[in-house]
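Here is the structure we will look at, set down as structure tokens.
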Amino acid sequence: MSLSSEQIRMAAKEYAAKIQQTEIYRTYCRERERIKQDPELYARVNAYRQATFELQNYTDQEQLFDRMDAYEKEYENFRENPVVEGFLQAELAFCRMMQELNILILDHLDFE
């Protein structure tokens, strides 16, 4: 039995709807809306996320420790804010769930 592209799309929509029903996703949405109520704080969170991404992908080993030190100093007290920490923890949990689900799907496919 071969499925059409439309059938696969419909199954993907059902899959997304199931994800939306999880407590992990609902917590993420709730925390995201909570932090967005303070646009300045949300902008700082986005800057923090961008800085984290850049640091994780930084390749110059000679300057890495200096950049890490500056990063830690800049955001030293930032994560102590319970709204920030709540959002970042919820986001991390959601990302981990999505990674696990993607790995599960790829484990069932012959993809190299």
Side-chain angles (χ1 to χ4, degrees):
M1 176 181 170
S2 178
L3 295 176
S4 70
S5 293
E6 184 57 32
Q7 288 171 310
I8 296 296
R9 278 195 269 293
M10 289 302 298
K13 288 179 182 179
E14 291 173 15
Y15 175 62
K18 296 284 186 192
I19 290 170
Q20 289 173 330
Q21 294 173 14
T22 66
E23 188 58 34
I24 289 173
Y25 179 75
R26 288 177 183 210
T27 299
Y28 165 73
C29 290
R30 190 170 46 249
E31 292 296 326
R32 183 186 61 206
E33 291 309 309
R34 184 175 169 209
I35 201 159
K36 281 185 166 185
Q37 290 176 2
D38 184 339
E40 184 178 316
L41 186 59
Y42 186 60
R44 288 193 65 213
V45 164
N46 285 328
Y48 172 80
R49 292 155 83 198
Q50 181 66 37
T52 301
F53 175 80
E54 290 171 2
L55 190 60
Q56 290 171 343
N57 292 288
Y58 195 71
T59 58
D60 185 350
Q61 295 296 317
E62 292 179 19
Q63 293 183 6
L64 181 60
F65 291 110
D66 290 337
R67 289 192 69 147
M68 285 178 64
D69 189 46
Y71 170 85
E72 288 175 6
K73 286 178 183 172
E74 183 176 355
Y75 295 105
E76 187 173 10
N77 298 319
F78 183 64
R79 290 196 63 161
E80 291 178 7
N81 182 322
V83 175
V84 170
E85 187 62 16
F87 171 73
L88 293 173
Q89 289 298 320
E91 180 183 56
L92 179 61
F94 177 61
C95 288
R96 284 185 176 155
M97 180 182 76
M98 293 306 299
Q99 287 173 337
E100 290 172 10
L101 293 172
N102 287 329
I103 289 168
L104 179 68
I105 290 170
L106 288 175
D107 282 349
H108 287 84
L109 299 173
D110 185 16
F111 182 73
E112 295 180 14

Residue pair Q50 / E54, side-chain heavy-atom distance below 4.5 Å: yes
side-chain hydrogen bond (donor to acceptor under 3.5 Å, both in side chains) assessment of Y75 paired with R44: CA-CA 10 Å; Y75 295 105; R44 288 193 65 213; over 6 Å; no
Validation row: L64, M68 side chains within 4.5 angstrom (heavy atoms): yes
Carboxylate-amine/guanidinium contact R26 E23, below 4.0 Å: no
Rounded distance [0.5 Å steps], CD in E100 versus CG in D107: 11.5 Å
Y42 vs V83, side-chain contact (heavy atoms from CB on, under 4.5 Å): CA-CA, chis, key distance, verdict: CA-CA 10 Å; Y42 186 60; V83 175; over 6 Å; no
Partners passing side chain to side chain contact (heavy atoms under 4.5 Å, CB included) against E14 (at least two apart in sequence or in another chain): none
Gap separating the CG atom of N81 from the CG atom of D38, nearest 0.5 angstrom: 8.5 Å
Within-4.5 Å side-chain heavy-atom neighbours: T27 and F94: no
Nearest-0.5 Å distance, OG of residue S4 to CE of residue M10: 10.5 Å
A90 versus E31, closest heavy-atom pair with distance: CB-CG, 3.9 Å
Heavy-atom closest contact (Y25 atom, Q20 atom, distance): CD2-CA, 3.3 Å
Flag for E33-Q37: side-chain donor and acceptor within less than 3.5 Å: no
4.5 Å side-chain heavy-atom contact, V84 and L41: yes
Spacing of CD belonging to Q99 relative to CG belonging to L92, to within rounding of 0.5 Å: 8.5 Å
Heavy-atom side-chain proximity of L101 to I19 below 4.5 angstrom: yes
Flag side-chain contact, heavy atom, 4.5 Å: R32 against F87: yes
Interatomic distance, R34 atom CZ to C29 atom SG [nearest 0.5 angstrom]: 14.5 Å
Distance, nearest 0.5 Å, that separates CG of D69 from CD of E74: 12.0 Å
From CA spacing to verdict: salt bridge (Lys or Arg N to Asp or Glu O under 4.0 Å), E76, K73: CA-CA 5 Å; E76 187 173 10; K73 286 178 183 172; over 6 Å; no
Any side-chain heavy-atom pair of Y71 and Y48 under 4.5 Å: yes
Non-hydrogen side-chain atoms of R79 and Q89 separated by less than 4.5 Å: yes
Matching residue for E91 among R49, R30, R96 - test: salt bridge (charged side-chain N to carboxylate O under 4.0 Å, His left out): R49
Joint hydrophobic cluster, L55 plus F78, side-chain heavy atoms closer than 4.5 Å: yes
Under 3.5 Å donor-acceptor, N57 side chain and F53 backbone: yes
